[in-house]
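Have a look at the structure below, then the notes.
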Amino acid sequence: RCVTKAIFVQPANEVPEKAVLVVNNKFVDIELPRRNLSDAVELEPSNEPGKSAIFVLPQKPNGPEIPLDAPKFTIPPTWTSCILLFFHDASNKVFPARIIPVNTSNADFPLGHILMFNVSTATVVAKLGTETVKILPGKSASVKPPRSGSGAYPVAIDCALPGDKQPTA
């Protein structure tokens, strides 16, 4: 069982505000807010090989068939919590998005850590307090809290696009 939240990152105007997830032959409605995370839903993906895909549809289908071109993703059985990042993909006619699941289970993403996810083609470099982290394109990083206890700390984020020698941060 995986407690799941979702967000639609920088959506186009015409994208759906909710989705139907087809999980192990069951239908789960999930909201797709633009500025914050959705309410949590519980997903129970199959552990059987070849049956673990979760499909995304704009509405519950009229029949048992799921369109072959529907976006799909998987959640490993060890995940107990995740966030689904939806990104606009006009090329998908079934549901205009690609979905990236991010593991937020406590064992992999401890309380107080900062999760940074790079979905760009640039290398991202960030300085959080005294911690510096470099995130390659398509990768993520879990950064320890830059200070013990609560309080403010300086943050600088920069990137190096392909062809740049280094970021400026």
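Just the heavy atoms: all of them, side chains too, but no hydrogens, waters or symmetry mates, feed the values below.
Looking at every heavy atom in both residues, Pro71 comes nearest to Phe95 through CG-O, 3.5 Å. Considering every non-hydrogen atom in both Arg98 and Val119, the closest pair reads NH2-O, 4.4 Å. Across every non-hydrogen atom of Ala53 and Lys72, the tightest pair is CB-CD, 4.1 Å. Arg1 and Glu44 get closest at one heavy-atom pair: NH2-OE2, 3.2 Å. Taking every heavy atom of both residues into account, Ile75 and Trp79 meet most closely at CG2-CE3, 3.6 Å. Closest approach of Ala70 to Val56, counting heavy atoms only: CB-O, 3.8 Å.
A heavy-atom distance below 4.5 Å is found between the side chains of Val15 and His88. Using a 4.5 Å heavy-atom threshold, the side chains of Phe87 and Ile99 count as separate. Within the 4.5 Å cutoff, side-chain heavy atoms of Met116 are placed close to those of Val143. Annotation: side chain of Val3 is not in contact with side chain of Cys82 (no heavy-atom distance under 4.5 Å). Side-chain contact check for Pro96 versus Asp89: every heavy-atom pair is 4.5 Å or farther apart. Contact of the Ile54 side chain with the Pro45 side chain is registered, since non-hydrogen atoms from C-beta on lie closer than 4.5 Å. Two residues are said to be in side-chain contact when any heavy atoms from C-beta on lie closer than 4.5 Å; Phe109 and Asn103 fail this criterion. With a 4.5 Å cut-off on side-chain heavy atoms, Phe73 and Leu84 count as touching.
With hydrophobic clusters built from ILVMFWY side chains whose heavy atoms lie under 4.5 angstrom apart, Leu37 shares a cluster with Leu85. Under the 4.5 Å side-chain heavy-atom criterion for Ile, Leu, Val, Met, Phe, Trp and Tyr, Val23 and Phe55 are members of distinct hydrophobic clusters.
The line from CD of Glu31 to CG of Asp39 is 7.5 Å long, rounded to the nearest 0.5 Å. Note that the CG atom of Leu32 and the OG atom of Ser38 stand 7.5 Å from one another [nearest 0.5 Å]. Here CG of Asp29 is found 8.5 Å from CG of Leu21. Values are rounded to the nearest 0.5 Å. One distance of note links OG of Ser140 with CG of Leu115; it measures 6.0 Å at 0.5 Å rounding. Within the model, atoms CG of Leu128 and CD1 of Ile157 stand 6.5 Å from one another, a figure rounded to the nearest 0.5 Å.
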Please output the side-chain donor-acceptor pairs of residues 4-14 that fall under 3.5 Å, not counting sequence neighbours, one pair per line with the distance.
from, atom 1, to, atom 2, distance (Å)
Thr4, OG1, Cys2, O, 3.1

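When only modelled atom types and interatomic distance are considered, Ser105 and Ser81 share no side-chain donor-acceptor pair under 3.5 Å.
Atom CD of Glu131 has more than 12 neighbouring heavy atoms from other residues, nucleotides or ligands inside a 6.0 Å radius. In the displayed structure, Asp69 atom CG is contacted under 6.0 Å by at most 12 heavy atoms of other residues, nucleotides or ligands.
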*Apply side-chain contact (heavy atoms from CB on, under 4.5 Å) to Glu17 and Arg34, showing your working.*
CA-CA 9 Å; Glu17 294 183 7; Arg34 275 63 171 155; 3.8 Å; yes
*asked:* Go through it in stages, so that I can follow the logic: the residues are Val124 and Asp158, the test is side-chain contact (heavy atoms from CB on, under 4.5 Å), and I'd like the CA-CA distance, side-chain angles, deciding distance and then a yes or no.
replied: CA-CA 6 Å; Val124 173; Asp158 198 1; over 6 Å; no
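Side-chain atoms of Asn118 come within 3.5 Å of backbone atoms of Ile135 as a donor-acceptor pair (strictly under, hydrogens ignored). Checked by atom type and distance alone, the side chain of Lys93 pairs as donor or acceptor with a backbone atom of Ala90 at under 3.5 Å.
Cation-pi geometry between Arg147 and Tyr153 is not met at under 6.0 angstrom from the ring centre and within 45 degrees of the axis.
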